[in-house]
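In what follows, chains carry the letters A, B, and so on, assigned in the order in which the sequence lines appear, proteins first and then strands, with residues in each chain numbered from 1. All of these numbers come straight from a predicted model, not from anything done at the bench.
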There are 2 protein chains.
Amino acid sequence: MLSYTPPLKDMRFVLERVLDAPEALAGMPAYAEVDADLMRQVCEEAGRFAAGVLFPLNAAGDREGCRYERGAVRTPAGYADAYRQFVDAGWPALACAPEHGGQGLPQVLNCVLNEMTSAANHGWSMYPGLAHGAYACLARYGSAALKERYLPKIVSGEWLATMCLTEAQAGSDLGLLRTRATPIGDAADGAYAITGGKIFISGGEQDMSANIVHLVLARLPDAPPGSKGVSLFLVPKWLPDGARNAVHCTGIEHKMGIRGSATCAMEFEGATGWLVGEPHRGLAAMFVMMNAARLQVGAQGLGIAETAWQNAQAYALERVQSKAAGRPESRRGEAADPIAMHAPVQRLLMTQRAWVEGGRMLAYWTALALDGAERHPDRAVRDELHGQVELITPVVKAMLTAQGYEGASQALQVFGGHGYISETGIEQYVRDARVTMIYEGTNEIQAVDLLLRKVLADGGARLEGLLARVLSTAEAECDGEDDGAHGALAPHARALCALVRRLRGAVRAIARAAEGQAALPHRVAPETLRLVGHCALAWLWLRAARAAIEAREEDPAFHDAKRATASYYFTYVLPEVEQLFGVVDGCLNQAPEDAVCFSV
Amino acid sequence: MLSYTPPLKDMRFVLERVLDAPEALAGMPAYAEVDADLMRQVCEEAGRFAAGVLFPLNAAGDREGCRYERGAVRTPAGYADAYRQFVDAGWPALACAPEHGGQGLPQVLNCVLNEMTSAANHGWSMYPGLAHGAYACLARYGSAALKERYLPKIVSGEWLATMCLTEAQAGSDLGLLRTRATPIGDAADGAYAITGGKIFISGGEQDMSANIVHLVLARLPDAPPGSKGVSLFLVPKWLPDGARNAVHCTGIEHKMGIRGSATCAMEFEGATGWLVGEPHRGLAAMFVMMNAARLQVGAQGLGIAETAWQNAQAYALERVQSKAAGRPESRRGEAADPIAMHAPVQRLLMTQRAWVEGGRMLAYWTALALDGAERHPDRAVRDELHGQVELITPVVKAMLTAQGYEGASQALQVFGGHGYISETGIEQYVRDARVTMIYEGTNEIQAVDLLLRKVLADGGARLEGLLARVLSTAEAECDGEDDGAHGALAPHARALCALVRRLRGAVRAIARAAEGQAALPHRVAPETLRLVGHCALAWLWLRAARAAIEAREEDPAFHDAKRATASYYFTYVLPEVEQLFGVVDGCLNQAPEDAVCFSV
């Protein structure tokens with residue numbers, strides 16, 4: 001049987017020691033009342049809910065799955081009740097603005113909540129998962145009437161939301177979508193009739209909320225072709241007058257994982273909807289929702305990796321097999337050792353740990369930057385942080401989901417043959433995690449988004465903004481003294497300085513080469529994304545190691561382990577950059593006619 | 001719907017052009033009659049069987065799974081019939097010796113067969129999967145009476161075999177096993193009563209063969225503790241007198257994948273068995289079976305990766321989304337392009353392809369070396385090749401299974417959201433593939449086996465044997481002229497020479513460091529395994545590129561694609577060695593007190 005313990009201690013370390021979140025938030029009038037105590041309290045409560053209410057439903061929900069019957073979807077036993085508790089506790093309102101009935105707490109706390117709900121029950125977490133994005137989208141683009149009617153119910157959680165984008169022929173390319181919206185002639189409030197089929201709609205139908213608010217991409221009659229002719233509509237399951245709208249679920253998918261989450265095919269048959277934002281500008285409005293979703297998907301990867309690692313660690317300390325090389329003298333009489341003492345198992349566990357703890361710093365740093373981008377009193381700071389969030393969002397999405405899957409698989413490996421057995425539970429994490437690399441934009445699309453739209457598009461300005469921060473920390477540590485504990489920071493800092501310089505050179509070379517070969521940056525985008533990610537991770541690990549040195553005496557065991565994990569990251573994880581640069585260099589040096597072919 | 005096309009053209013290229021298999025076999029009297037025509041014929045027939053009989057049962061077998069009822073196991077619909085056809089066609093006898101009723105064909109053809117049965121239906125292939133290993137083990141260690149009674153039925157396939165090793169407390173560490181064997185006082189033929197429980201026994205019970213021959217590890221009453229007190233016994237389900245033996249299946253596991261394969265818990269309750277080999281030397285006898293199984297598991301990884309890639313490639317050519325960067329002028333009027341034209345998708349496909357085609361060369365090269373080790377007339381050649389097979393077996397097992405899983409996951413990624421849907425079928429390949437990294441010795445155990453028992457144990461002699469072959473090819477290509485087609489071979493050859501020299505240096509450094517730190521080689525074993533693997537793969541790719549140049553005119557499209565794939569391997573795949581050396585160097589430079597910790 002698996003378990004889940006909210007990693008409160010590490011969360012506090014990251015928020016308070018590494019990111020100085022309370023201090024950063026104190027500089028924003030909107031969060032003047034958010035101090036360290038309040039943050040701890042929210043983390044503890046969220047952890048209690050995730051571990052106590054959601055986690056016990058996780059394995060059973062996977063086994064039971066959802067049931068579809070004549071348009072209705074029955075979610076697994078306990079899901080609806082857990083959602084009721086979630087609403088009663090006010091969690092949906094956490095990071096919504098007080099003027100809409102929200103609690104007005106920062107995004108960084110919402111990120112903590114997302115990590116924990118996903119860690120405890122990824123399938124369940126899909127239902128409330130899109131509510132915050134829908135809230136943010138409506139709050140920004142909705143008409144006064146729509147906001148008045150829908151926002152309070154979404155904020156309270158009484159109503160849930162979906163994102164209706166994908167059609168059979170339009171997945172990554174939303175410009176190909178065919179659903180149409182026709183003005184309803186006699187409607188006084190400017191309503192439209194929406195007609196078309198959507199697929200892969202998470203929570204398109206369910207038995208958890210009284211109403212479902214669909215945000216639907218469709219084409220107006222005069223729409224230009226492609227993505228510039230796509231508009232966004234709000235289409236509720238139940239209309240304001242209490243009538244059932246003409247939108248129905250026609251079936252649910254059988255999937256590799258997140259089987260507790262209903263993935264619905266939806267048919268809109270002249271359903272009544274209202275425009276959100278301007279005509280033909282639907283993608284811009286949808287991207288407010290999409291960006292929130294991408295950060296959240298990153299937090300899903302983080303949460304999955306955390307639970308998988310916790311359980312692998314516990315199993316490795318318990319499972320006894322073979323004598324470990326270099327076993328301590330004290331175990332001389334034992335026939336075998338816990339597998340946690342075997343070096344290759346330690347490698348698996350420490351790799352998971354370095355990614356989980358590093359990923360947490362990256363996710364929370366991004367969420368805190370988002371808070372600043374939204375709420376900092378200084379406009380220049382807001383703009384700068386907004387650029388940083390734009391830059392790092394695809395990195396968070398792609399790297400943390402890749403690691404959610406990889407970490408779950410590494411955890412399964414620690415369990416050995418038992419890991420492959422369904423009853424053990426860990427294989428569910430691998431199956432669940434796999435989808436995060438695909439939805440809300442595949443990880444390949446994240447890579448292209450980063451390199452083409454975020455790095456090359458502004459001549460590297462946003463990237464330089466990040467690298468300048470990184471270098472400033474790294475250079476300050478380059479000449480640091482070793483305090484003799486767990487290895488010096490200076491070699492790590494020098495490695496990071498070198499990494500930043502090499503990355504700058506590589507990006508410049510890619511930009512130059514792109515002038516002659518349009519496909520080249522697309523070809524090395526996956527490597528570039530991971531290089532940017534390692535710059536950020538190495539930076540945060542350096543800060544974590546420094547924070548661990550400074551706070552050591554408060555809890556020597558915890559902080560020494562933190563420094564050891566930082567050292568592990570630099571020694572065993574960061575060398576991935578050598579491979580990445582090797583690929584980029586090889587690709588740059590390749591004659592164009594030797595470039596990747598897809599023929600035969 | 002997925003499909004499977006036996007890759008006969010590539011098999012012929014590897015066997016005839018890269019490995020010169022017909023010529024190598026012609027030098028062995030046992031295979032004097034095996035010429036290129038016969039080999040092609042066997043490949044074609046095996047392909048027809050795999051694609052025509054096994055593949056259609058694959059998805060349905062996964063959905064249906066096995067059923068357990070009061071000691072009996074019902075395999076999925078069609079499995080038993082397919083096995084009857086397999087037996088009727090004589091496939092079990094393929095690589096068995098004529099003196100035992102076998103066809104006397106080489107191991108390399110058995111490897112081709114294994115690749116294709118796994119590519120078509122991994123779950124089904126588990127049932128006959130252990131028969132050849134059991135045959136090899138019994139042929140070498142069985143008494144005359146046991147051989148006479150059991151070998152012909154195993155060779156013909158009438159009876160299937162199992163490998164009963166694992167117990168709840170004894171997985172990777174067989175020294176911990178508790179099943180006991182007590183001499184039966186009045187048995188004239190030296191029988192033993194076997195008592196104990198075994199788990200994870202593939203095909204421990206089934207409805208496909210008339211009898212099941214269990215090869216069981218157990219302890220004699222006077223056995224010393226640990227792995228030196230383990231003996232091997234043959235325990236048939238049905239005794240020679242027609243009585244049912246006291247061995248029963250008490251349940252089957254629900255697993256992540258290979259759901260058509262019955263993974264049984266077995267209870268031996270004083271079951272009658274006979275000693276195979278010497279008392280307390282059971283592990284040595286079992287390892288004959290285990291080594292055969294490890295090569296076969298490598299071939300499973302290869303087969304899975306092949307089918308996954310084929311289907312991803314087909315889907316990518318068909319699925320149209322977005323305009324590709326650098327799209328050809330001819331597609332100007334189209335709203336979108338096949339995703340196979342998008343660079344990041346090409347990367348996914350070409351990475352799969354480079355591993356599939358490279359893995360095929362590695363697997364077949366190893367199987368051909370095994371033929372030489374068994375059948376070459378020159379004793380010195382046999383010994384040398386035996387050493388090469390010992391060295392490379394863990395590499396084949398670990399690298400090809402890691403890539404089977406990774407390749408299946410990459411194929412799923414190409415399918416996008418559709419890949420996550422069960423009906424698409426590709427997610428089954430990911431689930432099925434996952435177990436190959438665990439069974440027959442986890443990939444971590446393969447890495448330790450390679451570095452500790454195969455490399456460091458003989459002072460690097462067997463490794464030098466491989467590296468000398470590699471260098472001889474590489475040095476000859478270093479000064480080669482470019483023929484102007486698809487990039488020169490000389491830069492690749494120089495990269496390979498440099499790789500060999502760095503690997504030699506790294507192994508020497510590890511050997512030195514191991515003197516002071518016993519755990520150190522265990523820590524870098526995973527990297528060392530992949531470095532040795534890349535030496536072998538790069539060597540084979542260089543040979544493949546050369547062969548493609550020489551044979552170009554026979555089929556320009558095929559051979560140009562082969563050279564492009566070789567070039568892809570060197571440019572995009574081989575840079576992994578930079579990461580691997582980075583980790584090894586970092587680990588060697590680390591102070592022992594900073595080494596991986598497992599605490600907290």
Next on the checklist: Given heavy-atom pairs under 4.5 angstrom as the criterion, report whether the side chain, backbone, both or neither of A:Val430 touches chain B.
Outcome noted: side chain
Next on the checklist: Main chain of A:Pro575, side chain of A:Gln579: is a donor-acceptor contact present, judged purely on distance under 3.5 Å?
Outcome noted: no
Item to check | Non-hydrogen side-chain atoms of A:Met350 and A:Tyr572 separated by less than 4.5 Å | outcome: no
Checklist entry - Considering only heavy atoms from C-beta outward, does the side chain of A:Leu529 approach that of A:Leu451 to under 4.5 Å? => result no
Checklist entry - Between A:Glu167 and A:Arg178, is there a salt bridge with N-O shorter than 4.0 Å? => result no
Checklist entry - For A:Arg431 and B:Tyr420, does a side-chain donor sit closer than 3.5 Å to a side-chain acceptor? => result no
Item to check | When B:Gly171, B:Ser409, B:Gly226 are compared by non-hydrogen pairs under 4.5 Å with chain A, the top option | outcome: B:Ser409
Item to check | Contact winner vs chain A - B:Met256, B:Glu578, B:His342, heavy-atom pairs under 4.5 Å | outcome: B:Met256
Checklist entry - Do B:Asp10 and B:Lys562 meet the salt-bridge criterion of a basic N to acidic O distance under 4.0 Å? => result yes
Item to check | Pairs of heavy atoms under 4.5 Å with chain B: top-ranked of A:Gly326, A:Ala525, A:Cys587, A:Ala335 | outcome: A:Cys587
Checklist entry - Tell me, side chain or backbone of A:Val577 under 4.5 Å from chain B's heavy atoms, or both, or neither? => result neither
Next on the checklist: So which residue, B:Ser322, B:Ala170, B:Ala519, ends up with the most heavy-atom pairs under 4.5 Å with chain A?
Outcome noted: B:Ser322
Checklist outcome for this item: In terms of heavy-atom pairs under 4.5 Å with chain B, the winner among A:Pro344, A:Pro338, A:Gly586, A:Pro225 is A:Pro344
Checklist entry - Based on non-hydrogen pairs under 4.5 Å, which of A:Gly257, A:Ala316, A:Pro491, A:Pro521 is most in contact with chain B? => result A:Gly257
Checklist entry - Side chain, backbone, both or neither: which part of B:Ala354 has a non-hydrogen atom closer than 4.5 Å to chain A? => result neither
Next on the checklist: Between A:Ile445 and chain B, with a heavy-atom cut-off of 4.5 Å, which part of the residue counts as in contact: side chain, backbone, both or neither?
Outcome noted: neither
Checklist entry - Which region of A:Gln428, side chain (C-beta onward) or backbone (N, CA, C, O), has a non-hydrogen atom less than 4.5 Å from a non-hydrogen atom of chain B, or is it both or neither? => result neither
Checklist entry - For A:His418, is it the side chain, the backbone, both or neither that has a heavy atom under 4.5 Å from a heavy atom of chain B? => result both
Next on the checklist: Can you tell me which of B:Leu412, B:Asp585, B:Val448 forms the most heavy-atom pairs within a distance under 4.5 Å of chain A?
Outcome noted: B:Leu412
Checklist entry - Backbone N or O of A:Ala343 within a donor-acceptor pair of the B:Arg523 side chain at under 3.5 Å? => result no
Item to check | Contact summary for A:Val414 and A:Val345, nearest pair of heavy atoms | outcome: CG1-CG1, 4.2 Å
Checklist entry - Taking all non-hydrogen atoms of both residues, which atom of A:Thr351 and which atom of A:Arg347 are closest, and how far apart? => result OG1-O, 2.7 Å
Checklist outcome for this item: Interface check, chain B: of A:Ala591, A:Ser422, A:Gly582, most non-hydrogen pairs under 4.5 Å belong to A:Ser422
Checklist entry - So what's closer than 4.5 Å to chain B heavy atoms on A:Tyr405: side chain, backbone, both or neither? => result side chain
Checklist entry - What part of A:Leu176 lies closer than 4.5 angstrom to a heavy atom of chain B: side chain, backbone, both or neither? => result side chain
Next on the checklist: Check whether A:Ser567 reaches the backbone of A:Arg563 with its side chain - one donor and one acceptor, N or O, closer than 3.5 Å.
Outcome noted: no
Item to check | Which atom of B:Ile438 lies closest to which atom of A:Gly417, heavy atoms considered | outcome: CG2-N, 3.3 Å
Item to check | B:Thr424, part contacting chain A, at a heavy-atom distance under 4.5 Å | outcome: neither
Checklist entry - Does B:Thr401 reach the side chain of B:Gln446, with side-chain heavy atoms less than 4.5 Å apart? => result no
Item to check | Contacting region of A:Ser227 [heavy-atom separation from chain B under 4.5 Å] | outcome: neither
Item to check | Donor on one side chain, acceptor on other, B:Arg353 and B:Tyr569, under 3.5 Å | outcome: no
Checklist entry - Under a 4.5 Å heavy-atom cut-off, does chain A meet the side chain of B:Gln517, its backbone, both or neither? => result neither
Checklist entry - Between B:Gln313 (side chain) and B:Leu349 (backbone), is there a donor-acceptor pair under 3.5 Å? => result no
Next on the checklist: Given heavy-atom pairs under 4.5 angstrom as the criterion, report whether the side chain, backbone, both or neither of A:Ile199 touches chain B.
Outcome noted: side chain
Checklist entry - Do A:Leu588 and A:Leu520 have side chains that get closer than 4.5 Å, going by heavy atoms? => result yes
Next on the checklist: Counting heavy-atom pairs closer than 4.5 Å to chain A, which one of B:Lys255, B:Gln169, B:Arg434 comes out on top?
Outcome noted: B:Arg434
Next on the checklist: Taking every non-hydrogen pair under 4.5 Å, which of A:Gln321, A:Lys323, A:His522, A:Arg327 racks up the most with chain B?
Outcome noted: A:Gln321
Item to check | Contact winner vs chain B - A:Met437, A:Gln413, A:Glu423, A:Glu527, heavy-atom pairs under 4.5 Å | outcome: A:Gln413
Checklist outcome for this item: Ranked by heavy-atom pairs below 4.5 Å to chain A, first place among B:His254, B:Glu253, B:Glu427, B:Arg319 goes to B:His254
Checklist entry - Which region of A:Ala495, side chain (C-beta onward) or backbone (N, CA, C, O), has a non-hydrogen atom less than 4.5 Å from a non-hydrogen atom of chain B, or is it both or neither? => result neither
